[in-house]
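Step one of this worksheet: look at the structure below.
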Amino acid sequence: MSKIHNLIRLLLVLAPFFLPWWLMLIFVLAAVFLYDRYYEIILIGFMCDILYHSEVTYIGLYGFTLLACILFILVKQIKQKLILY
């Protein structure tokens, strides 16, 4: 893996500390589609749970982490079914 890919992954892991959640979500979704086995999405989801958690959420304490795991599995399935030439 090249140095630029590692730099992008590091920036995406640090993104929850500096970017709003909706902008970070767009970047993370793009990274999930671009990289194979982007496991960092689960770490990012956990960090978002810690940073953005409020008591009024109906998803619970680990809502972003659960969403990140579901997105990871769904994107993996979608990428397997896509035919890229």
Side-chain angles (χ1 to χ4, degrees):
M1 186 173 302
S2 70
K3 291 179 183 180
I4 191 77
H5 287 198
N6 288 333
L7 179 65
I8 291 172
R9 286 179 178 221
L10 177 67
L11 289 175
L12 284 173
V13 169
L14 295 176
F17 297 109
F18 303 108
L19 297 176
W21 68 269
W22 54 270
L23 188 60
M24 186 216 35
L25 180 66
I26 293 170
F27 291 143
V28 169
L29 285 175
V32 169
F33 275 103
L34 291 176
Y35 296 118
D36 291 333
R37 298 179 301 271
Y38 187 70
Y39 297 116
E40 288 89 351
I41 189 172
I42 298 169
L43 174 67
I44 293 170
F46 185 71
M47 287 189 313
C48 287
D49 281 330
I50 293 170
L51 291 172
Y52 303 123
H53 175 69
S54 67
E55 295 299 323
V56 295
T57 60
Y58 58 89
I59 299 174
L61 178 62
Y62 299 109
F64 280 111
T65 306
L66 180 63
L67 177 67
C69 292
I70 291 171
L71 278 174
F72 180 77
I73 293 169
L74 285 176
V75 168
K76 185 177 178 183
Q77 296 296 323
I78 290 170
K79 284 173 67 174
Q80 287 177 353
K81 297 202 184 302
L82 284 176
I83 299 173
L84 299 175
Y85 294 100

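In this text the structure is predicted, and so the values were computed from the model without any measurement. Note that the numbering runs from 1 along the sequence shown for the chain.
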(Q) I need the minimum non-hydrogen distance between M47 and V13, along with the two atoms involved. (A) CE-O, 2.6 Å
Q: Measure across G45 and A68 and return the closest heavy-atom pair with its distance rounded to 0.1 Å.
A: CA-CB, 4.2 Å
Can you tell me how far [atom2] of [Y] sits from [atom1] of [X], rounded to the nearest 0.5 angstrom?
X   : Y   : atom1 : atom2 : answer
I4  : L11 : CD1   : CG    : 8.5 Å
I44 : F27 : CD1   : CZ    : 12.0 Å
E40 : L10 : CD    : CG    : 10.0 Å
I42 : L66 : CD1   : CG    : 11.0 Å

Q) Do L71 and I41 come within less than 4.5 Å of each other through their side chains, counting heavy atoms only? A) yes
**Q.** pair V75-Y38: side-chain heavy atoms closer than 4.5 Å
**A.** no
Q | From CA spacing to verdict: ring-ring contact (aromatic ring centres under 6.0 Å, His included), F72, Y39 | A | CA-CA 8 Å; F72 180 77; Y39 297 116; 5.2 Å; yes
Q | Listed partners of F18 passing ring pair (Phe, Tyr, Trp, His ring centres under 6.0 Å), at least two apart | A | none
Q) Can you list every salt bridge (charged side-chain N to carboxylate O under 4.0 Å, His left out) pair that touches residues 71-80, not counting sequence neighbours? A) D36-K79
Q) Transitively linked via ILVMFWY side-chain contacts under 4.5 Å: L34 with L12? A) no
